[in-house]
Undergrad: 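Here's a structure for you.
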Amino acid sequence: MSDQNNFSERVWQIIAAIPAGKVTTYGDVAQLAGSPRAARQVGGVLRRLPEGSKLPWFRVINRHGRISLQGDDLFRQRDALEAEGIEVSDAGEIELEKYRWQI
DNA sequence: CATTTGACAAACA
DNA sequence: GTGTTTGCCAAAT
């Protein structure tokens with residue numbers, strides 16, 4: 001397989017590999033994608049996901065163990081995580097040490 | 001091709 | 001602990 005995959009495609013692959021009940025950070029995904037300083041672009045990729053995508057985008061949070069989204073999107077991500085058994089506070093905080101995905 | 005935009009992160013105050 | 005500034009870089013315009 002080609003190693004010239006786009007950044008987006010690598011991000012998709014990595015996120016698809018996150019097991020249910022676990023979370024990871026934008027920075028970690030960027031690092032696994034081969035661009036350790038491209039954490040923002042990971043968010044950019046997820047933001048631009050096609051509607052219908054089955055990618056578990058909700059398993060990606062920021063380095064402070066917090067959901068980066070706001071408004072309705074925040075609630076949707078929180079509900080999706082809680083549905084997998086992940087405890088999320090009303091403020092959108094998650095215990096990273098407990099739920100963090102490591103290879 | 002040039003400029004703008006940001007689902008981030010680290011450094012700083 | 002919080003708020004601000006700076007660096008970063010792929011994608012969109």
Side-chain angles (χ1 to χ4, degrees):
Chain A
M1 312 326 268
S2 169
D3 57 348
Q4 304 216 353
N5 290 341
N6 293 326
F7 179 77
S8 317
E9 295 181 358
R10 291 196 300 252
V11 169
W12 295 341
Q13 281 277 21
I14 292 160
I15 293 178
I18 306 173
K22 293 287 181 182
V23 297
T24 191
T25 66
Y26 297 98
D28 283 355
V29 175
Q31 185 174 18
L32 291 172
S35 298
R37 308 293 169 191
R40 281 183 98 159
Q41 283 54 252
V42 174
V45 170
L46 297 184
R47 184 183 170 222
R48 279 270 177 203
L49 279 181
E51 269 189 44
S53 172
K54 300 170 181 63
L55 215 66
W57 56 269
F58 49 84
R59 293 180 190 144
V60 186
I61 60 180
N62 67 29
R63 206 178 188 286
H64 302 294
R66 194 160 174 179
I67 292 175
S68 293
L69 298 178
Q70 295 182 359
D72 291 339
D73 289 334
L74 166 60
F75 294 112
R76 281 199 270 111
Q77 182 167 8
R78 189 193 62 188
D79 291 345
L81 292 173
E82 288 180 337
E84 296 187 338
I86 297 174
E87 302 171 73
V88 186
S89 76
D90 291 339
E93 300 168 346
I94 297 160
E95 296 176 42
L96 256 183
E97 293 184 357
K98 185 173 179 181
Y99 295 108
R100 186 172 188 136
W101 171 56
Q102 306 176 173
I103 301 180

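Hydrogens, waters and symmetry mates are skipped; everything else that's a heavy atom, side chains included, is used. Every chain is numbered from 1, with letters handed out A, B, ... down the list of sequences.
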Undergrad: How many angstroms lie between atom NZ of A:K98 and atom CD1 of A:I86, to the nearest 0.5 angstrom?
TA: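 So the gap between those two atoms works out to 10.5 Å.
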
Undergrad: Can you tell me how far the CD atom of A:Q31 sits from the CZ atom of A:R37, to the nearest 0.5 Å?
TA: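 Nearest 0.5 Å value for the CD-CZ distance: 8.5 Å.
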
Undergrad: B:dA7 P sits how many Å from A:D72 CG, rounded?
TA: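 The answer, rounded to whole Å, is 16 Å.
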
Undergrad: Could you pull out all residues at least two apart from A:D73 that satisfy salt bridge (charged side-chain N to carboxylate O under 4.0 Å, His left out)?
TA: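 Checked A:D73 against salt bridge (charged side-chain N to carboxylate O under 4.0 Å, His left out); matches are A:R76.
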
Undergrad: Summarise how protein sits on nucleotides 8-13 of chain B as a single string, 5' to 3': B when a protein heavy atom is under 4.0 Å from the base, S for sugar-phosphate-only contact, - for no contact.
TA: BSS---

Undergrad: Figure out the CZ/P separation between A:R47 and B:dA7, and round it to whole Å.
TA: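 From A:R47 CZ to B:dA7 P: 6 Å.
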
Undergrad: Between A:Q77 (side chain) and A:V60 (backbone), is there a donor-acceptor pair under 3.5 Å?
TA: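 Here the side-chain-to-backbone pair exists.
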
Undergrad: Go through DNA chain C in 5' to 3' direction and return only the first and the last nucleotide with some atom under 4.0 Å of chain A's heavy atoms.
TA: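 Contact span on the strand: C:dG7 to C:dT13.
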
Undergrad: Would you say A:R66's side chain and A:A91's backbone share a donor-acceptor pair under 3.5 angstrom?
TA: yes

Undergrad: Would you indicate whether A:E82, at its atom CD, is surrounded by more than 12 heavy atoms from other residues, nucleotides or ligands within a distance under 6.0 Å?
TA: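 Yes.
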
Undergrad: Work out which heavy atom in A:I14 is nearest to a heavy atom in A:V29; give both atom names and the distance.
TA: CD1-O, 3.8 Å

Undergrad: Measure across A:G21 and A:E84 and return the closest heavy-atom pair with its distance rounded to 0.1 Å.
TA: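 Nearest heavy atoms, A:G21 then A:E84: N-OE1, 3.1 Å.
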
